[in-house]
Amino acid sequence: MKRIIVAIDGHSGCGKSTIAKQLAGYAGYRYIDTGAMYRAVALYAMEHGLDTEEQIISALPDIRIVFQRTDDGSQHTLLNGQDVEARIRTLEVGNRASQVSPIRQVRQFLVEQQQAMGQDKGIVMDGRDIGTVVFPDAELKLFVTATPEVRAQRRYDELTAKGEHPCYEDVLADVLDRDYRDTHRQESPLRQAADAVVVDNSNMTREQQAEYIFRLFDDRIR
Ligand code: DC
C-alpha cells in the first residue's frame with residue numbers, strides 16, 4: 001500500500017478538520033491543521049501589538065509553531081513553546097487570521113513549513129491552498145463545502161459549547177465575510193483544484209461523510 005498526501009481545502013466552518021481528523025485516524029496518518037498556523041501568527045501579532053504588515057513580516061523569524069499530540073489523542077498548537085490551542089479558536093483570532101493570511105511573506109513562511117511536514121507523505125493536511133499551492137501533486141484532494149447557513153449554525157454551536165455567547169446573525173455575517181476575503185484575496189485565494197473531489201456535506205451525517213471519504217482514500221492507496 002502506498003503512503004500518500006491528502007489535501008483538504010474548503011470554506012471556513014464546513015467541517016474540514018472533522019473530515020481530516022477522521023481520515024487521519026482511519027489511515028494512521030499525521031494530521032496538520034494549517035488554519036491553526038495562521039491563527040497562531042494572528043495571536044502573536046495581537047499579543048505583541050503588531051498592526052502593520054511590515055511589523056508582522058519582521059516578527060516572523062521569532063515565531064515558532066509546532067503541534068503536539070496530547071494524552072487524549074488530540075492535537076495542540078504550541079506558539080513559541082506555549083500551548084495556545086484554546087486561545088486561537090476565538091472569533092476574534094479567526095478574524096485577525098483572515099487579515100494576516102493574505103500577506104505574501106506570511107504565506108511563504110508557513111507554506112515552506114507545511115511542505116517540509118509532508119516530505120515523508122502519510123499526512124492529511126487541511127486549509128485553503130493545500131491542493132493548489134502547498135501540495136499540487138497530492139494524490140487525494142478534497143474540496144469540502146456546505147451552505148453558509150449550515151456552516152454558521154455549526155460555528156454558533158461550537159462557540160456556544162465553549163461558553164461564548166455569540167449572536168447567530170453575527171456568526172453568519174462573519175462566515176460570509178470570511179468566505180469573501182478567502183476567495184477574493186490576491187495571494188493564494190481559496191479555489192477548488194481542478195482534480196479535487198467536491199464534498200458538499202450540508203445534508204450528510206458524519207457517518208455518511210466518513211464512509212464516502214474512506215472509500216475514496218482506499219481507492220487512492222491501491
Ligand atoms: O480554517 P481556519 O478558520 O482555522 O483558518 C483561519 C484563517 O486562516 C482563515 O481566514 C483562512 C486562513 N487560512 C489560509 O489562508 N490558508 C490556509 N491554508 C489555512 C487557513
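No experiment lies behind these values; they were computed from the predicted model shown. Atoms within a ligand are numbered from 1 in the order they appear, just like the ligands themselves.
- Counted by atom type alone, R181 and S98 present one or more donor-acceptor pairs between their side chains at under 3.5 Å.
- For R185, the closest heavy-atom approach to ligand 1 falls below 4.0 Å.
- Of the possible polar contacts, none joining the R64 side chain to the G81 backbone as a donor-acceptor pair under 3.5 Å is found.
- Checked by atom type and distance alone, the side chain of R185 never pairs as donor or acceptor with a backbone atom of P102 at under 3.5 Å.
- The backbone N or O of I5 sits nowhere less than 3.5 Å from a side-chain atom of Y29 that would complete a donor-acceptor pair.
- Atom numbering of ligand 1 starts at 1 in the shown order; those under 4.0 Å from a heavy atom of S101 are 12 (C), 15 (O).
- Taking any N or O of R39, backbone or side chain, at least one lies under 3.5 Å from an N or O belonging to ligand 1.
- Ranking the protein heavy atoms by distance from atom 9 (C) of ligand 1 puts R128 NH2, 3.6 Å first.
- Scanning the protein for heavy atoms near atom 10 (O) of ligand 1, the closest one is S98 CB, 2.9 Å.
- Under 4.0 Å from ligand 1, the heavy atoms of D182 that appear belong solely to its side chain.
- Between the side chains of Y212 and N201, no donor-acceptor pair of N or O atoms lies under 3.5 Å.
- For the pair Q75 (side chain) and Y31 (backbone), a donor-acceptor distance under 3.5 Å is present.
- Here the heavy atom of the protein found nearest to atom 7 (C) of ligand 1 is A97 CB, 3.7 Å.
- For R107, the closest heavy-atom approach to ligand 1 falls below 4.0 Å.
- Considering backbone and side-chain atoms alike, D129 places an N or O below 3.5 Å from some N or O of ligand 1.
- Among all non-hydrogen protein atoms, the one lying nearest atom 8 (O) of ligand 1 is Y38 CB, 3.5 Å.
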- Task: Before giving the answer on side chain to side chain contact (heavy atoms under 4.5 Å, CB included), spell out for D219 and L140 the whole-Å C-alpha distance, their side-chain angles and the decisive distance to 0.1 Å.
- Result: CA-CA 10 Å; D219 282 346; L140 176 59; over 6 Å; no
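- Closest to atom 19 (C) of ligand 1, if we only count protein heavy atoms, is T34 OG1, 3.4 Å.
- Using a 3.5 Å distance cut-off with no hydrogens or angles, the side chains of Q99 and N95 do not pair a donor with an acceptor.
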